**Q** 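Below you'll find the structure I mean.
Everything quoted here is computed from the prediction, not taken from an experiment. Residue numbering restarts at 1 for every chain, and letters A, B, ... go by the order of the sequence lines.
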Amino acid sequence: MPTPFTLNVKDLIRQIPAGKVAPYGLIAALAGNPRAARQVAWVLHACSAAEHLPWHRVVNRNGKISLKPFLGYEIQKQRLLQEGVVFDAKDAIDLDRYLWRKG
DNA sequence: TTACTGACCTTTT
DNA sequence: AAAAAGGCCAGTA
């Protein structure tokens, strides 16, 4: 039985609209534990496939993809590009523009 | 059962 | 300013 935090994380990720992204810390904070970003990451790589969570809309605090190349990085980037998210020269997303705002 | 690992973030030296 | 440590939860060995 997963903790409410984990369930909350999944719900929050489901609420992320297309074309927006959310860092791990924000989801963790909304889920109730600002320092449980690591757990958020775990939920993604472990449960995202089983659920249909838009895991590609979750990036790190730098606005960059944490995944390593050829291990999901390209897939996530392509998905985001399909949704209209633009990467800058550093392969990072402008969080000021694409950060998901609750509401 | 304990111990280690993992798509990380925040706080403290 | 940069660097180190602490913290969170679930899965695997």
Side-chain angles (χ1 to χ4, degrees):
Chain A
M1 187 64 181
T3 65
F5 176 82
T6 300
L7 299 176
N8 211 345
V9 169
K10 294 180 186 175
D11 284 343
L12 288 168
I13 294 173
R14 286 194 195 106
Q15 291 170 27
I16 301 177
K20 297 288 180 180
V21 296
Y24 300 92
L26 178 61
I27 295 176
L30 292 176
N33 288 352
R35 299 185 178 147
R38 203 163 189 180
Q39 175 59 14
V40 175
W42 187 92
V43 172
L44 294 181
H45 88 77
C47 299
S48 60
E51 320 279 330
H52 27 92
L53 304 176
W55 58 272
H56 50 275
R57 293 181 197 150
V58 183
V59 294
N60 62 11
R61 226 348 181 163
N62 253 334
K64 292 168 86 174
I65 299 174
S66 292
L67 292 172
K68 298 172 184 172
F70 296 95
L71 291 178
Y73 177 92
E74 295 182 351
I75 298 174
Q76 180 167 13
K77 186 174 180 180
Q78 285 298 322
R79 286 246 190 177
L80 291 174
L81 289 173
Q82 271 187 351
E83 296 184 350
V85 177
V86 177
F87 287 74
D88 62 13
K90 298 176 184 174
D91 282 347
I93 302 169
D94 292 341
L95 293 179
D96 289 337
R97 286 184 61 185
Y98 298 102
L99 178 61
W100 170 52
R101 295 188 173 185
K102 185 180 117 183

**Q** Between B:dG6, B:dA7, B:dC9, which nucleotide has the shortest distance from any of its atoms to the side chain of A:Q39?
**A**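 Of the candidates, B:dG6 comes closest.
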**Q** For A:W42 and A:P34, find the nucleotide of DNA chain B closest to each by heavy atoms; which residue's nucleotide sits nearer the 5' end?
**A**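 Residue closer to the 5' terminus by nearest nucleotide: A:W42.
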**Q** Would one find a side-chain N or O of A:N33 under 4.0 angstrom from OP1 or OP2 of C:dC9?
**A** yes
**Q** Write down the distance separating the C1' atoms in C:dA4 and B:dA7, rounded off to the nearest Å.
**A** 22 Å
**Q** Is there a side-chain contact between A:I75 and A:W55, using heavy atoms and a 4.5 Å cut-off?
**A** yes
**Q** Report the distance from atom CG of A:L30 to atom C1' of B:dC9, rounded to the nearest whole Å.
**A** 14 Å
**Q** Tell me the interatomic distance from A:L71, atom CG, to B:dG6, atom C1', rounded to whole angstroms.
**A** 13 Å
**Q** Before you tell me yes or no, could you show the steps for A:D11 and A:R14 under side chain to side chain contact (heavy atoms under 4.5 Å, CB included), namely the whole-Å CA-CA distance, both residues' side-chain angles and the distance that decides it to 0.1 Å?
**A** CA-CA 5 Å; A:D11 284 343; A:R14 286 194 195 106; 2.7 Å; yes
**Q** May I have the distance from A:R38 (atom CZ) to C:dC8 (atom P), rounded to whole angstrom?
**A** 13 Å
**Q** Which of the following nucleotides, C:dA10, B:dA7, C:dC8, is nearest to the side chain of A:T3?
**A**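 Of C:dA10, B:dA7, C:dC8, C:dA10 is nearest to the side chain of A:T3.
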**Q** Hey, which of A:I27, A:L26, A:L30, A:N33 is the one that makes side-chain contact (heavy atoms from CB on, under 4.5 Å) with A:V40?
**A**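 Answer to the side-chain contact (heavy atoms from CB on, under 4.5 Å) test with A:V40 among A:I27, A:L26, A:L30, A:N33: A:I27.
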**Q** Between atom CD1 in A:I27 and atom C1' in B:dA7, what is the gap in whole Å?
**A** 11 Å
**Q** What's the verdict on side chain to side chain contact (heavy atoms under 4.5 Å, CB included) for A:V43 and A:F5, showing C-alpha distance, side-chain angles and the deciding distance?
**A** CA-CA 10 Å; A:V43 172; A:F5 176 82; 5.9 Å; no
**Q** If you look only at distance, which donor and acceptor atoms sit under 3.5 Å apart when one is on a side chain in residues 59-70 of chain A and the other is two or more places apart or in another chain?
**A**
| residue | atom | partner | partner atom | Å |
| --- | --- | --- | --- | --- |
| A:N60 | OD1 | A:N62 | N | 3.2 |
| A:N60 | OD1 | A:G63 | N | 3.2 |
| A:N60 | OD1 | A:K64 | N | 2.8 |
| A:N60 | ND2 | A:K64 | O | 3.4 |
| A:N60 | ND2 | A:S66 | OG | 3.4 |

**Q** Compile the donor-acceptor pairs under 3.5 Å between side chains in residues 78-88 of chain A and protein atoms, sequence neighbours left out, one pair per line.
**A**
| residue | atom | partner | partner atom | Å |
| --- | --- | --- | --- | --- |
| A:E83 | OE1 | A:G19 | N | 3.3 |
| A:E83 | OE1 | A:R57 | NE | 3.0 |
| A:E83 | OE2 | A:H56 | NE2 | 3.1 |
| A:E83 | OE2 | A:R57 | NE | 3.1 |
| A:E83 | OE2 | A:R57 | NH2 | 2.8 |
| A:D88 | OD1 | A:K90 | N | 2.9 |
| A:D88 | OD1 | A:D91 | N | 3.1 |
| A:D88 | OD1 | A:A92 | N | 2.8 |

**Q** Roughly how many Å is it from NE2 in A:H45 to P in C:dC8, rounded to a whole number?
**A** 19 Å
**Q** More 5' along DNA chain C: A:R35 or A:P4, using each one's nearest nucleotide?
**A** A:R35
**Q** Show your reasoning for whether side chain to side chain contact (heavy atoms under 4.5 Å, CB included) applies to A:I16 and A:V58.
**A** CA-CA 9 Å; A:I16 301 177; A:V58 183; 4.3 Å; yes
**Q** Check the distance between B:dA7's C1' and A:E51's CD and give it to me in whole angstrom.
**A** 17 Å
**Q** To the nearest angstrom, how far is A:K10 atom NZ from C:dC9 atom P?
**A**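 That distance rounds to 15 Å.
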**Q** In whole angstrom, give the distance that lies between atom CG of A:N8 and atom P of C:dC9.
**A**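 Distance check: A:N8 CG to C:dC9 P gives 13 Å.
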**Q** For DNA chain C, what is the dot-bracket line, given that a base pair needs Watson-Crick (N1 to N3, plus N6-O4 or O6-N4) or G-U wobble (N1-O2 and O6-N3) geometry with both distances under 3.5 Å, and | means paired with another strand?
**A** .||||||.|||||
**Q** Have a look at A:R61 and say if it touches a base, only the backbone sugar-phosphate, or nothing, with a 4.0 Å heavy-atom cut-off.
**A**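 Sugar-phosphate, no base atom in range.
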